[in-house]
Engineer: 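Here it is, the structure in full.
First the proteins, then the strands, lettered A, B, ... as listed; each starts at 1.
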Amino acid sequence: MEVNPKLLKPYDPTETEARIYKLWEESGLFNPDNLPGNREEAFTIMMPPPNVTGVLHMGHALMITLEDIMIRYKRMQGYKTLWLPGTDHAAIATQSKVEKEIQKKEGKSRHDLGREEMLKRIGDFAQQSHDTIISQIKVMGASCDWSREAFTLDDKRNLAVNTVFKKMYDDGIIYRGNRIINWDPKGQTTISDDEIVYEERTAKMYTFKYSKDFPISISTTRPETKVGDVAVAVHPEDKRYENLIGKEYDLIFCGVPIHIKIIADKAVEPEFGTGALGVTPAHSMIDWEIADRHDLPRPQVINEYAKMMVGGENILGKKTTEAREVIVEWLRTEGLLEKEEEMKQNVSTAERTGGIVEPLPKLQWFINVNKPIKERGNKTLKELMREPLKNGEIKIIPEYFDKTYFHWIENLRDWCISRQIWYGHRVPVWYRANENNSETYCGVVAPEGEGWKQDEDTLDTWFSSGMWTFSTLGWPEQTSNLKTYHPTDVLETGSEILFFWVARMVLMSEYVLEEIPFKTIYLHGTVRDGQGRKMSKSLGNGIDPLDIAQKFGADAGRIALVTGTAPGTDSRIDENKIKGYKNFANKCWNITRFVLDTVDESNFETQGRTLGIQKGSTLVPIIEEFKKISEDITSDMENYRFHIASEKIYHYIWHRFADEIIEETKEIIKTKDEKSEERKTALILIWKDCLKVLHPFMPFVTEEIWSILPGNKNLLIIEKWPTEFTLDEPSNDNRP
RNA sequence: GCGCGGUUAGCUCAGUUGGUAGAGCAACCCGUUUACACCGGGAAGGUCGCAGGUUCGAGUCCUGCACCGCGCACCA
């Protein structure tokens, strides 16, 4: 039959993809409410909201591809599929980015601008960034429901955040306390334990005595903190120091009076250094805990700017690093310094700003992860996070991440949720004080009456993203959406945010809704560059998915990212691989050309799945073969083996269907008999099903081809996934 | 220190429950009167990190070791 003139030229992804996406959007079929047929069962994915800090990278591209594959597959299987997109305000990351820019361009700090103006500027930036990201997601072919799009910092999500905060506050899960926290002097805010990255550096360790009369030598890499020491701790069974335990000394250390008590504590490692630890409660996590156990004072000697708060002119107000040198010099001249040695050290730095983290005591808001919750049978948040994975309600793919997850929970401490930045959900607590008393009010909205002042701090961005699976569905309102789509089915995300986000979603959903947030966690690895390096701005080795789409087509980029990339493992971006799949799209294009060239209109009329194919027909073997492969692929899809499914369909289409079946066909159709007609019918039949199976991986080219094939009324995205391959029994046939 | 993952063809990686090793790219030979050169045909290439064990049979399960990567803890 006559061939569409489009097919005479090579496939042009750029022109096609934009047009097809528009077609899909206009069809309204991304929205589950508009899907045809009686769809009882829902299938839901909440898109991990990209940060509004910039542009999409290849990691996002992989995420979008995987989720789109699952959604398209389930949509074709007749599920009520909801893929809800959104973006994340990413509090610290976004604010620090805008602050940097303003500092660079205008030489102004956020304090110069003031809270209101600063928030406006960040808001503008976020909006712009949001628009870029959304358009990029569309280029990738994401079939998500834009009518339900959400933002972690919009009004609806704010209502959810305040409602949860109040519930936790009333339950005593959230408390305000003066505790040691991780302070980022660069970002001027607290950060959680999980926002720390460790960098290995060499440091000098100094061994010395506080004074000539002091009986024990101690070692430290941070002599400047020693002006805040209150004790020397030794191991309870360390014979060397046994007789000194309990003794107290008043000393002057580099001009600062200190009071040192010698105590015994199991946390001390007798083998390390001198086996004695100078305890600085205010500036070391572990020392803070020792101080807890021994009821020691906790003088703060370093402030929020990493400068000294005590001492004489020689150190007061100096940066910690400068003070260190002064103190070392003093030790030297006093003859107290016994040893200096190089050692490897892990320095804690803030993930977002790179600032060196300074542990400090501060009044902050915390979530208590160890408090028994009455309404939940006295289980703690830790237990609520652990249980659904333990009892199999939630499965992680790949499975081995279970252990990492449990291990993290074991080591979990109370979660510091308050941040001293402006961009974010403000802590919904108000204070009012007069001569007689001070009041604190926690509520979803501001209290009535005069004189209330809201807490200045904002909340950790993960506090709001933890509610993502249900805040997006309208909670706290009991919406029908919530009923239909929660718990969601799959949470697909990068393995690096298992703790940050995934665990927090389990926490929030279990605590608030008393149900799991999702049934399956699918983790993908990191997409690296050709040399195996992580893509980063500083290295300048990032690849923009848009460039790939421009050069090879989004389809090619998608299937290249997925094929051969097992769950949880890192992958490398390889232009040759993508190019190969660009060729594959063209191959499909030309297969279509051949098929249409070969068959007649009448073959389309008889191509119904079971029409014309009888047991004993010459077609049975190739139909049976395709049936087997397609069933295999379906099973791979069900078990999240997309990296295998895509390879199978690719291989079948190119090396079986094109290279062999089509080549045979050329011979067969030379004789114009029944066999030849059967073969033509088979070509159409199989090719149409190939397009369906390939569609989740390469949605654009398959949809375009589908529209060219005669007789296809529906868009391919809602065609039925091939499942039934029953061949007609002769008895069921109407023919004699 | 504890834990997790990796080690398979020159390169990048697949390999579901144990049953004679796979893909892409690269390299080699041949082929162009048209579905496609963004192509076709053919051949080549691996003692599956090492050493044991279980089994009729191990890339796959068990034990130990080595190297690489990562997470957590420590980091006085």
Engineer: Closer to the 5' end of RNA chain B via nearest nucleotide, is it A/Met343 or A/Lys579?
Structural biologist: A/Lys579
Engineer: Rounded to the nearest angstrom, tell me the gap between atom CD1 in A/Ile653 and atom P in B/C39.
Structural biologist: 15 Å
Engineer: With rounding to whole Å, what would you report as the distance between B/C28 and B/C65 at their P atoms?
Structural biologist: 45 Å
Engineer: Is the phosphate of B/A73, meaning OP1 or OP2, less than 4.0 Å from a side-chain N or O of A/Tyr198?
Structural biologist: yes
Engineer: Starting at CD of A/Glu269 and ending at C1' of B/A73, how long is that distance when rounded to a whole Å?
Structural biologist: 12 Å
Engineer: Using only heavy-atom distances, determine whether the side chains of A/Ser217 and A/Glu338 contain a donor-acceptor pair under 3.5 Å.
Structural biologist: yes
Engineer: Roughly how far apart, to the nearest Å, are B/C39 and B/G46 at atom C1'?
Structural biologist: 29 Å
Engineer: Any Lys/Arg nitrogen of A/Glu410 or A/Arg386 sitting under 4.0 Å from an Asp/Glu carboxylate oxygen of the other?
Structural biologist: yes
Engineer: Counting only N and O atoms by type, is there a donor-acceptor contact under 3.5 Å from the side chain of A/Asp555 to the main-chain atoms of A/Phe700?
Structural biologist: yes
Engineer: Is it true that A/Asp238 and A/Arg240 have a side-chain N and a carboxylate O under 4.0 angstrom from each other?
Structural biologist: yes
Engineer: Taking A/Glu269's backbone N and O only, do any of them form a donor-acceptor pair with A/His235's side chain (distance below 3.5 Å, no angle check)?
Structural biologist: no
Engineer: Quick one: A/Arg572 CZ to B/A14 P, roughly how many Å, whole number?
Structural biologist: 11 Å
Engineer: Suppose you measure atom P in B/G59 against the same atom in B/G24; what distance do you get, rounded to whole Å?
Structural biologist: 23 Å
Engineer: Base, sugar-phosphate alone, or nothing: which one does A/Leu7 contact when heavy atoms must sit under 4.0 Å apart?
Structural biologist: nothing
Engineer: Which comes earlier along RNA chain B counting from the 5' end, the contact point of A/Lys666 or that of A/Ile644, where each point is its nearest nucleotide?
Structural biologist: A/Ile644
Engineer: How far, in whole Å, is B/A27 from B/U54 if one measures between their C1' atoms?
Structural biologist: 41 Å
Engineer: Can you tell me, in whole Å, how much space there is between the C1' of B/G41 and that of B/C11?
Structural biologist: 25 Å
Engineer: Of all residues at least two apart in sequence or in a different chain, which pass the side-chain hydrogen bond (donor to acceptor under 3.5 Å, both in side chains) check with A/His524?
Structural biologist: A/Glu492
Engineer: Round to the nearest Å and state the distance from A/Arg222 atom CZ to B/C75 atom P.
Structural biologist: 13 Å
Engineer: If we count only N and O atoms by modelled type, under 3.5 Å, do the side chains of A/Trp415 and A/Ser192 hold a donor and an acceptor together?
Structural biologist: no
Engineer: Among B/G40, B/C38, B/C74, which nucleotide has an atom closest to any side-chain atom of A/Trp654?
Structural biologist: B/G40
Engineer: Between A/Leu412 (CG) and B/G71 (P), how many Å, whole number?
Structural biologist: 18 Å
Engineer: Please evaluate residues A/Glu15 and A/Lys6 with respect to the criterion side chain to side chain contact (heavy atoms under 4.5 Å, CB included), reporting the C-alpha separation (whole Å), side-chain torsions for both, the decisive distance (0.1 Å), and the verdict.
Structural biologist: CA-CA 12 Å; A/Glu15 183 276 329; A/Lys6 265 189 196 172; 5.7 Å; no
Engineer: Is a donor from one side chain sitting under 3.5 angstrom from an acceptor on the other, for A/Trp462 and A/Asp194?
Structural biologist: no
Engineer: Counting side-chain heavy atoms from CB outward, which of B/C75, B/C74, B/A14 is closest to A/Thr569?
Structural biologist: B/A14
Engineer: Any base atoms under 4.0 Å from A/Val268, or only sugar-phosphate, or nothing? Heavy atoms, all strands.
Structural biologist: base
Engineer: Cationic tip of A/Lys390 within the cone over A/Phe406's six-membered ring, i.e. under 6.0 Å and within 45° of the normal?
Structural biologist: yes
Engineer: Under 4.0 angstrom, heavy atoms only, what part of the nucleic acid is A/Arg528 near: base, sugar-phosphate, or nothing?
Structural biologist: nothing
Engineer: What is the nucleic acid contact for A/Gly564, judged by heavy atoms within less than 4.0 Å: base, sugar-phosphate only, or nothing?
Structural biologist: sugar-phosphate
Engineer: Record whether the side chain of A/Arg641 comes under 3.5 Å of the base of B/U16 through a donor-acceptor pair of N or O atoms.
Structural biologist: yes
Engineer: Quick one: label A/Thr563 by what it contacts on the DNA or RNA (base, sugar-phosphate, nothing), any heavy atom closer than 4.0 Å.
Structural biologist: nothing
Engineer: Hydrogens and angles aside, do A/Asp12 and A/Thr14 bring a side-chain donor and acceptor to less than 3.5 Å of each other?
Structural biologist: yes
Engineer: Report the distance from atom CZ of A/Phe584 to atom P of B/C25, rounded to the nearest whole Å.
Structural biologist: 12 Å
Engineer: Under 3.5 Å, which protein N or O atoms sit close to an N or O of nucleotides 30-32 of chain B? Give each pair with its distance.
Structural biologist:
none

Engineer: Treat a base pair as Watson-Crick or G-U wobble with both distances under 3.5 Å, then lay out RNA chain B in dot-bracket form, 5' to 3', with | for cross-strand pairs.
Structural biologist: (((((((..((((.....[..))))..((((.......))))......(((((..]....))))))))))))....
Engineer: Between the base of B/A73 and the side chain of A/Glu410, is one N or O donor paired with an acceptor at under 3.5 angstrom?
Structural biologist: no
Engineer: Of the listed nucleotides (B/G71, B/C75, B/A14), which one gets closest to any side-chain atom of A/His643?
Structural biologist: B/A14
Engineer: In terms of side-chain heavy atoms of A/Asn590, which of B/C75, B/G15, B/A35 is nearest?
Structural biologist: B/A35
Engineer: In whole Å, what separates the C1' atom of B/U32 from that of B/G40?
Structural biologist: 9 Å
Engineer: Could you tell me the separation between the CD atom of A/Glu341 and the P atom of B/C75, rounded to a whole number of Å?
Structural biologist: 16 Å
Engineer: Under 4.0 Å: is that the gap between some side-chain N or O of A/Lys9 and OP1 or OP2 of B/A35?
Structural biologist: no
Engineer: Would you indicate which nucleotide in B/C38, B/G41, B/U16 comes nearest to any side-chain atom of A/Asp659?
Structural biologist: B/G41
Engineer: Taking RNA chain B as the partner, which of residues 399-409 of chain A come within under 4.0 angstrom of it by heavy atom?
Structural biologist: A/Tyr400, A/Lys403, A/His407
Engineer: Are A/Glu358 and A/Arg222 close enough for a salt bridge, meaning some N to O gap below 4.0 Å?
Structural biologist: yes
Engineer: I'd like to know if A/Lys628 pairs up with A/Glu631 as an ion pair, taking the criterion as any Lys NZ or Arg NE/NH1/NH2 lying under 4.0 Å from an Asp or Glu carboxylate oxygen.
Structural biologist: no
Engineer: So, A/Glu496 and A/Lys534, do they make that salt bridge, N to O below 4.0 Å?
Structural biologist: no
Engineer: Are A/Asp292 and A/Arg298 close enough for a salt bridge, meaning some N to O gap below 4.0 Å?
Structural biologist: yes
Engineer: Please state how far atom CE in A/Met285 lies from atom P in B/C75, giving the value in whole angstrom units.
Structural biologist: 12 Å
Engineer: If I pick the P atom on B/G49 and the same atom on B/C13, what distance separates them, to the nearest angstrom?
Structural biologist: 15 Å
Engineer: Would you please indicate yes or no on a ring centroid separation below 6.0 angstrom for A/Phe626 and A/Phe657?
Structural biologist: no
Engineer: Measure all distances between protein nitrogen or oxygen atoms and nitrogen or oxygen atoms of nucleotides 21-24 of chain B, and list the pairs falling under 3.5 Å.
Structural biologist:
from: B/A23; atom 1: O4'; to: A/Glu647; atom 2: OE2; distance (Å): 3.4
from: B/G24; atom 1: OP1; to: A/His655; atom 2: NE2; distance (Å): 3.3

Engineer: Taking only residues two or more places apart in sequence or in another chain, which ones pass side-chain hydrogen bond (donor to acceptor under 3.5 Å, both in side chains) with A/Asp184?
Structural biologist: A/Thr353
Engineer: When the P atoms of B/U47 and B/C4 are compared, how many Å lie between them, rounded to an integer?
Structural biologist: 30 Å
